[in-house]
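Okay, so here's the structure we're looking at.
Not measured: the values here are computed from a predicted model. Residue numbers begin at 1 in each chain, while the letters A, B, ... track the order of the sequences.
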Amino acid sequence: MENREFARLLAETGDLMEIAGEDSFRIRSYRNAAGIIEGYPERIADILADPDRKVTDVPGIGKGIGAILHEIAARGSFERRDELLKKYPATALELLKIQGLGPKAVALLYEHLQVATIDDLERVCKEQKLRTLPRMGAKLEEKVLKAISQYRKSVGRYLLSYAEKMAEDVSTYLRAGDGVERITAAGSFRRGRETVGDLDLLVTGPDAEAVLERFAAYSRIHSVLGKGTNKVSAKVGLEGMQVDVRALPADSYGAALQYFTGSKDHNVALRTRALKMGLTLNEYGLFQLEDNRRVAGETEEQIYAALGLAWIPPELRENQGEIEAALEGRLPRLLEQRDIRGDLHMHTRETDGRATLEEMAEAAKALRYEYIAVTDHSKSLAMANGLDEARAVAFAQRVRDINQRGELGIHVYSGLECDILRDGAMDLSHDALAELDLVIASVHSHMNLDPAEMTDRLMKALECPHVRVLGHPTGRILLHRDPFPFDFERVAAEAARRGVAMEINSSPERLDLNGTNARIAKSKGCRFILSTDAHHPRHLDNMRYGLVTARRGWLEAADVLNTLGLEQFSALLRHS
DNA sequence: GCCGTTTTCGGCCCGACTGTTTTCAGTCG
């Protein structure tokens, strides 16, 4: 059993305990253990199986949870979880995902109205029965109905990071068998879309049939949707993501890759262009209309070239002007991973991060970065133990000392992710902000202002002379919370005018700005930073998600400030 | 339930908003 499974069972039980109204500190221990196990570098199952090791040596795992882990390893569940599942149905857990409903409401709904599913919940809201429960009223019914529709929009879609892991897992599994030459994930995943519906895996090799058979036998499949000689479709993993594996002949690999990468609009435009040239394009190749002679198909490059186009990076294939640009030889030279010289947004144990500054620096060094900025939260994020003025100033001094000693082997900028208060003011005094190298201003509260008020708030925040970056500018959480509405173009233009960079936050839950907004902001003259918002050393690896997002925004190295080397970036901070 | 430790039990997480109240419980970040 993998760590994720142990973690899921613990976290799920934590949710059930919350519905049951159990002690909040005990619940926290379950969730804390789940979080630690999920990120633990070793397999918990291996530790449990090793008689010379004790699972309680893992921090956060004591006697109680240690015993639970052994029980899970033995039989896939544990007593407390089983008991809770007798009391509340597993489907009730889904109700917690509805914004505005917490554990108390879920318990009440189940006990009084037997609400166990989202459909039940929708029904009682529409029948105006929710308001019969204590402390619940018409407003809540309305809010819940809205939250249900938001929730439904998100099911069946998965974060890019989830799709990536799925693609890797399935590919690794298939490669371990015979008959595989190449496996490539196509579709919206290859285009770097922030969420992915289903995953298309293209396989070439000498024995395609065996590969499909092998996939159909994959242990993580829980239902096979279709099985033919060219393709197997199945629901895979706990969340039932649809994965299609297609076996292809090697000579049409490029055509299939092009076809299944899409987007639909891009492909329609390409096929239209092909027709005008007396050609026809399908997933098997590019053919002459008159004699059906094949012109291209083995590689994507051949197909684009035969259509008179430069090869178009997948991230741009949305029919948003990329075909014209390819024709005229003015495709952007998109940002690449190796252009990134540092990470400018991360948290440490000072606030809600999991590691120390030194540990974050070590991880950044392993990525060959030249610099990082440590940007913990400010005081109004009390839950995260945000920094007040005194702590911020002391932190700036500590960082100066660290750099002077030079023992970390990487330059550290003292930073802060400073909350933008409701009225647009900064959470810390300007005097304190002036001590720091890099201030990111971010909204973490009052996200439901009307658009005009939110626009004013952001415009006001940009006035602060110490603000260098607008952090996760639209505040969205993918599959969970829509961006807050405001006049984006106006704010982007103002940021450009004041030299405040827009952040492309690479956290797979955010990807904020998205590609579309990045492109708009670029047209307004904005510059950008790419950063991970890491709360753990391994989150520094998330930069690749921000990278594809920036590429979807047509960004080049020159648009992104943290492509500058240490000297130049320091000079920029000094002189602006 | 975990941790740290005055090694046996107390501390752990807090402020603000919302919608419902009539003084506040529940939710969120």
So what does A:R80 touch, heavy atoms closer than 4.0 Å: a base, only the sugar-phosphate, or nothing? sugar-phosphate

Answer with base, sugar-phosphate or nothing: what part of the nucleic acid does A:I27 contact at a heavy-atom distance below 4.0 Å? nothing

Please confirm whether the ring centroid of A:H536 lies under 6.0 Å from the ring centroid of A:H347.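 Between A:H347 and A:H536, which both carry aromatic rings, the centre distance is not below 6.0 Å.
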
Measuring only the [atom1] atom in each nucleotide, how far is [N] from [M]? A whole number of Å is fine.
| N | M | atom1 | result |
| --- | --- | --- | --- |
| B:dT6 | B:dG11 | C1' | 15 Å |
| B:dC14 | B:dC9 | C1' | 24 Å |
| B:dT21 | B:dG26 | C1' | 13 Å |
| B:dT5 | B:dC12 | C1' | 15 Å |
| B:dT23 | B:dC28 | P | 25 Å |
| B:dT20 | B:dA16 | P | 22 Å |
| B:dC13 | B:dC17 | P | 23 Å |

Quick check for you: to the nearest 0.5 Å, what is the distance between A:K87 atom NZ and A:L84 atom CG? 7.0 Å

Pairwise side-chain contact, A:V548 with A:L511, heavy-atom cut-off 4.5 Å (strictly under): no

Aromatic rings A:F569 and A:Y371: how do their planes relate, parallel, tilted or perpendicular, breaks at 30° and 60°? parallel

How close or far is atom P of B:dC3 from atom OH of A:Y30, stated in whole angstroms?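 Taking atom P of B:dC3 as the reference, OH of A:Y30 is at 14 Å.
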
So which nucleotide does B:dC24 pair with, by the Watson-Crick or G-U wobble rule with both distances under 3.5 Å?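 Across all strands, the one nucleotide that pairs with B:dC24 is B:dG19.
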
Check A:D559 with A:K522, please: is the shortest side-chain N to carboxylate O separation under 4.0 Å?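 Yes, A:K522 and A:D559 are salt-bridged.
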
Its contact letters, B for base, S for sugar-phosphate only and - for none at protein heavy atoms under 4.0 Å, make nucleotides 13-29 of chain B read B---SSBS---BSSSSB

Applying salt bridge (Lys or Arg N to Asp or Glu O under 4.0 Å), which residue pairs with at least one partner in residues 90-106 of chain A are found, sequence neighbours left out?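 Not a single pair qualifies under salt bridge (Lys or Arg N to Asp or Glu O under 4.0 Å).
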
Quick note, side chain to side chain donor-acceptor pair (under 3.5 Å) partners involving residues 491-513 of chain A, not counting sequence neighbours, are A:H345-A:E503, A:T474-A:D512, A:E494-A:R497, A:E494-A:R498, A:E503-A:N505, A:E503-A:S531, A:N505-A:D533, A:S507-A:E509

